[in-house]
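Report on one structure; see the data block that follows.
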Amino acid sequence: MPRRRPGTLAGRIALLHAVAHIELNAVDLHWDIIARFTDQPMPPGFYDDWVKAADEESKHFNLICDVLEAMGSHYGALPAHAGMWRAAEDTAGDLKARLAVVPMVLEARGLDVTPGMIELFRKADEPAAIAALEVIYAEEVGHVAYGSKWFNWLCGRDGEDPKDIFHSLVRRHFHGALKPPFNAEKRAEAGLPPDFYWPLAEVLGQDRLPKGPPGVG
Ligand SMILES: [Fe+2]
Ligand SMILES: [Fe+2]
């Protein structure tokens, strides 16, 4: 993986390349959720939501590709990580786990980090990148909201407590860390209350932190 030094043009290209890769994976993931879990019947609105999300991800991918090309690069010019596709494979057998890990953990993470990326491109005076990231930021809230809506719907149908099920599925299927700072406002707008993600940040975070006084690192 290339190191990302955002103060350099190469670093900013690497960052946008990683975003393009995530958007392309997201296109596949939204179509995958439509086709993979047809053994359990879902209301038509479920499919409508993910078709809309997949369409928006295609737009996001194309927007970022245009910016990369204007900066003298292109999608495919750099290596890309397999984390998002690994999450797809890990949750291929369980619709609730897919909803928990992909929209409610990974896409929610996008809400946390995108404002900082927009700020970075503002400092570098790259308006095309800012415009593309602002479209992504505005539309990703909806994808997280679709995730929490249908996750809650499934738990309600099965008579389960969504928060408990979310915690156990994320612990079982997600192998990264939930890292603060969280975008509490946008997460709430998308139907993700703090008691869903904060307990996981503590548990997953402790495994990865070196022993020492709290707050160090
Ligand atoms: Fe997207
Ligand atoms: Fe998305």
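Ligands are counted one by one from 1 in listed order, and the atoms in each one are counted from 1 as well. Along the sequence shown, residues carry numbers from 1.
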Name every donor-acceptor pair, under 3.5 Å, that has one atom in a side chain of residues 123-132 and the other anywhere in the protein, sequence neighbours excluded.
from   : atom 1 : to    : atom 2 : distance (Å)
Glu126 : OE2    : Arg12 : NE     : 2.3
Glu126 : OE2    : Arg12 : NH2    : 3.3

Which atom pairs, donor and acceptor, lie under 3.5 Å between side-chain atoms of residues 42-49 and protein residues at least two apart or in another chain?
from  : atom 1 : to     : atom 2 : distance (Å)
Asp49 : OD2    : Lys149 : NZ     : 2.8
Asp49 : OD2    : Trp150 : NE1    : 2.8

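- Using a cutoff of 4.0 Å between basic side-chain nitrogens and carboxylate oxygens, Glu189 and Lys186 are scored as salt-bridged.
- A donor-acceptor contact under 3.5 angstrom links the side chains of Glu57 and His143, judged on distance only.
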Please tabulate, one pair per line, all N/O donor-acceptor pairs under 3.5 Å involving side-chain atoms of residues 18-26, not counting sequence neighbours.
from  : atom 1 : to    : atom 2 : distance (Å)
His21 : ND1    : Tyr75 : OH     : 2.7
His21 : NE2    : His81 : O      : 2.9
Glu23 : OE1    : His60 : ND1    : 3.2

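- Closest of all the heavy-atom pairs between Arg187 and Leu111 is N-CD1, 4.3 Å.
- With a cut-off of 2.8 Å, the protein N/O/S atoms near the Fe ion (ligand 2) add up to 5.
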